[in-house]
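In what follows, residues are counted from 1 in the order of the sequence shown. Quick caveat, the model's predicted, so the values are computed rather than measured.
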Amino acid sequence: MAYEAVWMNDPAKLNKFEFYKIEKDGLDIIRDIREIYSKEGFASIPAEDFNLFKWAGVYQQKPNNGHFMMRVRIPGGILTSNQTRELAALGRDYGRELIDVTTRQAIQWHWLEIEQFPDIFDRLDAVGMSATEACGDCPRTIVGNPLAGIDPDELMDTTALVDELERFFLDNRDFSNLPRKYKMSISANIYNNCNAEIQCLSFTPATKVLNGEEVVGFHAMVGGGLSAKPHLARQMDMFIRPEEVLKVAIGVTTLFRDHGFREKRHVARLKYLVADWGVEKFQEKLIELIGPMESLGDDRTVGWNGSYFDGVHPQKQAGLNYVGLSVPVGRTNSDEFDALADLADKYGDGKIRTTISQNLILTGVPDDKLEDLLKEPVLQRLTPDPKRFMSRTVSCTGNEFCNLAIVETKERARRVAKYLDENVQLEEPVRIHFIGCPNGCGQKSVADIGLQGSLIKTPDGMIDAFDIAVGGTLGPGAKYNTALKGRVKGEEVQLVLAQLINYYKETRVSAEESFHDFVQRVGTETMQSKLTEILAAS
């Protein structure tokens with residue numbers, strides 16, 4: 001340990017897990033999995049070590065009978081075809097062929113067993129990939145512009161910066177013991193395609209005239225996060241040159257490590273430190289660490305696209321295109337990953353890219369190959385021309401596999417989207433996000449319509465239900481959605497949403513008025529009245 005664990009000076013303000021982490025760094029679990037637990041079996045794992053499994057990218061899978069979920073880092077969301085094939089092969093060998101794309105550009109497998117992990121670690125390493133610190137109290141996958149290097153709407157290619165951050169923080173024991181999980185993003189795309197406001201630390205596109213020359217760089221936001229008490233990140237008053245990004249990231253992470261709250265885990269994220277100090281004090285402390293910085297330049301973020309790219313789009317390289325594919329609720333499989341790897345080599349540049357909307361992108365497709373690509377069988381389901389509701393529906397893992405979720409979400413989200421596509425005619429996309437617990441992995445708070453799992457007591461027992469929130473958006477005018485009163489039974493969700501969305505369709509001032517703008521115009525009270533009316537009639 002190269003740093004001083006200053007928080008240990010006040011043990012009364014530490015939760016019990018902090019004492020365990022100081023005795024055994026989370027990164028040590030990877031050695032123990034390799035050398036002990038994979039050889040001696042599931043029963044040999046001490047209960048207290050299961051929390052440390054997160055540093056290996058691993059969680060116990062419900063119902064805790066010896067199976068695990070593993071999350072694999074994909075920094076910036078860029079995969080080679082060889083990496084994609086290996087992910088497919090590992091999913092086929094150990095994960096019952098199931099692959100989920102996450103809201104942080106990672107992929108997840110399920111059904112893994114402890115004896116399999118050394119082979120998985122080795123095979124990931126052989127193709128330049130890792131699950132290390134994909135979870136845990138540490139810097140997680142660096143989220144980046146999935147179109148980096150090919151994006152007509154980016155100010156610069158941020159691929160090298162994502163790689164620089166990833167190389168520095170991954171497996172770095174100076175930063176492997178943070179108070180809680182820590183999420184970073186960097187993008188120079190002007191449409192906020194990394195959801196900057198929900199990150200612990202985000203770098204967003206900016207320019208500033210310095211010494212008579214316009215310099216492309218970044219602004220930085222700190223203290224964002226979702227879960228039960230979502231916070232919007234706050235912008236610091238500084239302009240950051242590309243070569244200063246790592247310095248700023250190290251400084252912010254150091255402040256979180258040394259001053260973040262470690263007494264109660266549910267209030268340990270960076271957002272609570274920023275809220276307590278205020279962004280001005282936080283910046284003052286940061287400047288003490290890293291030295292003076294230029295003040296704000298010109299913010300170049302002009303909107304928010306939610307990181308949706310379905311369809312065929314021209315790249316900034318003349319004659320080349322990227323093709324955004326819809327992955328229904330982020331769930332795919334080994335056969336489809338293999339097929340996409342083949343298509344990337346046959347028609348494109350050998351790359352597949354993941355997005356924070358749980359979708360995939362094929363890149364580098366020449367104009368004269370587009371027609372043949374679009375005829376490929378795998379693009380019938382993973383279509384570049386999806387139906388409106390299926391294309392904008394996001395879901396967390398749900399209680400099928402997750403120990404924290406109290407309701408099933410993936411399949412229900414798919415069924416709800418299918419019902420809406422069949423019964424509601426609407427061109428304007430409405431973003432619908434499902435989560436199975438308050439932790440917010442499905443990013444409910446940023447959705448036009450967010451649904452959070454809950455339970456209702458009936459004469460026949462407890463049944464799945466959902467609470468509804470409306471009107472979220474990010475980018476300029478960012479605002480989390482507002483919860484409405486009235487719990488909806490799980491089997492009635494699609495019927496209630498159809499009526500809410502039809503109310504929007506029939507009452508909006510024009511076809512161009514988005515759902516978010518509609519909610520802001522009519523007000524939450526009006527939406528509440530409509531939901532109450534729908535529930536009373538059901």
Side-chain angles (χ1 to χ4, degrees), residues 326 328-331 358 386-400 405-438 442-472 481-508 511 513-519 521-538:
S326 176
V329 296
R331 178 147 288 176
Q358 301 182 308
K387 293 183 178 179
R388 271 293 187 234
F389 290 101
M390 192 66 78
S391 74
R392 295 299 185 271
T393 298
V394 168
S395 174
C396 73
T397 299
N399 72 358
E400 178 185 12
I406 58 176
V407 301
E408 195 280 324
T409 55
K410 281 282 189 190
E411 177 57 20
R412 186 180 300 281
R414 189 197 65 79
R415 292 199 308 268
V416 168
K418 183 175 185 291
Y419 176 89
L420 294 175
D421 278 321
E422 292 173 349
N423 292 277
V424 178
Q425 300 301 312
L426 186 68
E427 286 302 312
E428 179 69 27
V430 176
R431 294 172 294 102
I432 301 173
H433 290 221
F434 283 77
I435 62 173
C437 79
Q443 301 179 348
K444 177 265 296 186
S445 298
V446 309
D448 287 319
I449 302 176
L451 297 107
Q452 179 172 320
S454 56
L455 297 171
I456 288 180
K457 188 176 182 179
T458 73
D460 298 322
M462 304 299 288
I463 63 171
D464 287 4
F466 288 87
D467 296 318
I468 294 179
V470 295
N481 52 28
T482 303
L484 302 178
K485 297 178 181 178
R487 195 157 282 179
V488 182
K489 293 179 181 178
E491 66 268 21
E492 297 178 358
V493 166
Q494 63 266 36
L495 305 176
V496 171
L497 292 191
Q499 293 179 74
L500 275 180
I501 294 167
N502 274 323
Y503 173 65
Y504 150 64
K505 177 183 176 181
E506 295 161 1
T507 314
R508 59 186 175 171
E513 184 176 35
S514 70
F515 188 89
H516 168 76
D517 290 341
F518 172 77
V519 172
R521 179 174 62 80
V522 304
T524 304
E525 289 184 5
T526 299
M527 298 301 292
Q528 178 65 70
S529 296
K530 187 62 182 177
L531 177 61
T532 302
E533 174 190 322
I534 293 169
L535 293 178
S538 63

message = Using only atom types and a distance under 3.5 Å, with no angle test, would you say the side chain of R431 pairs donor to acceptor with the backbone of G472?
response = yes
query = Which pair of heavy atoms, one from I435 and one from C396, lies closest together, and at what distance?
reply = CA-SG, 3.6 Å
task = Scan side-chain atoms only and decide if S529 and E525 contain a donor-acceptor pair under the 3.5 Å cut-off.
result = no
note = Between V470 and the options M527, Q528, H516, the side-chain contact (heavy atoms from CB on, under 4.5 Å) test singles out M527
key: Nearest atoms (heavy-atom pairs only) where V424 meets N502   = CG1-OD1, 3.8 Å
inquiry  = Within the structure provided, determine whether T393 and L420 are in side-chain contact (heavy-atom separation under 4.5 Å).
reply    = no
Backbone of I449 reached by a side-chain donor or acceptor of N481 within 3.5 Å = no
inquiry  = Is the shortest side-chain heavy-atom distance between Q358 and R331 below 4.5 Å?
reply    = no
query = Do the non-hydrogen side-chain atoms of V416 and I432 ever get within less than 4.5 Å of each other?
reply = no
ask   = Taking only residues two or more places apart in sequence, or in another chain, which ones meet F389 in a ring-ring contact (aromatic ring centres under 6.0 Å, His included)?
value = none
task = Taking H433 for its side chain and G442 for its backbone only, find out whether a donor-acceptor pair lies under 3.5 Å.
result = yes
key: Y503 to F518 - nearest heavy-atom pair and separation   = CE2-CZ, 3.9 Å
Selection residues 410-431 - residue pairs positive for ring-ring contact (aromatic ring centres under 6.0 Å, His included), sequence neighbours left out = none
key: Side-chain touch F466/V496, heavy atoms, less than 4.5 angstrom   = no
Spatial distance of atom OG1 (T482) from atom CG (L484) [nearest 0.5 Å] = 7.5 Å
ask   = Counting only N and O atoms by type, is there a donor-acceptor contact under 3.5 Å from the side chain of N399 to the main-chain atoms of E408?
value = yes
query = With respect to E513, which candidate in R508, K505, R521 satisfies the salt bridge (Lys or Arg N to Asp or Glu O under 4.0 Å) definition?
reply = R521
key: Whether K410 side chain and G398 backbone form a donor-acceptor pair below 3.5 Å   = no
inquiry  = Can a side-chain donor-acceptor contact be found between S395 and T409 if the only test is distance below 3.5 angstrom?
reply    = yes
message = Measuring only between side-chain heavy atoms, which start at C-beta, is R412 closer than 4.5 Å to D464?
response = yes
ask   = Can you tell if the side chain of R388 reaches within under 4.5 Å of the side chain of D421, non-hydrogen atoms only?
value = yes
message = To check you understand the geometry: which heavy-atom pair defines the closest contact between A413 and V329, and what is its length?
response = CB-CG1, 3.8 Å
ask   = Which pairs count as side chain to side chain donor-acceptor pair (under 3.5 Å) when at least one residue sits in residues 488-500, sequence neighbours excluded?
value = none
Minimum heavy-atom distance between V407 and A465, given as atom pair plus value = CG1-O, 4.2 Å
query = Just by modelled atom types, is the I456 backbone N or O under 3.5 Å from a matching donor or acceptor in the R487 side chain?
reply = no
D467 side-chain N/O to A483 backbone N/O, donor-acceptor pair under 3.5 Å = no
Shortest non-hydrogen separation from G486 to L531 and the atoms involved = O-CD2, 4.1 Å
query = Do NZ/NE/NH1/NH2 and the carboxylate oxygens of D448 and R392 come within less than 4.0 Å?
reply = no
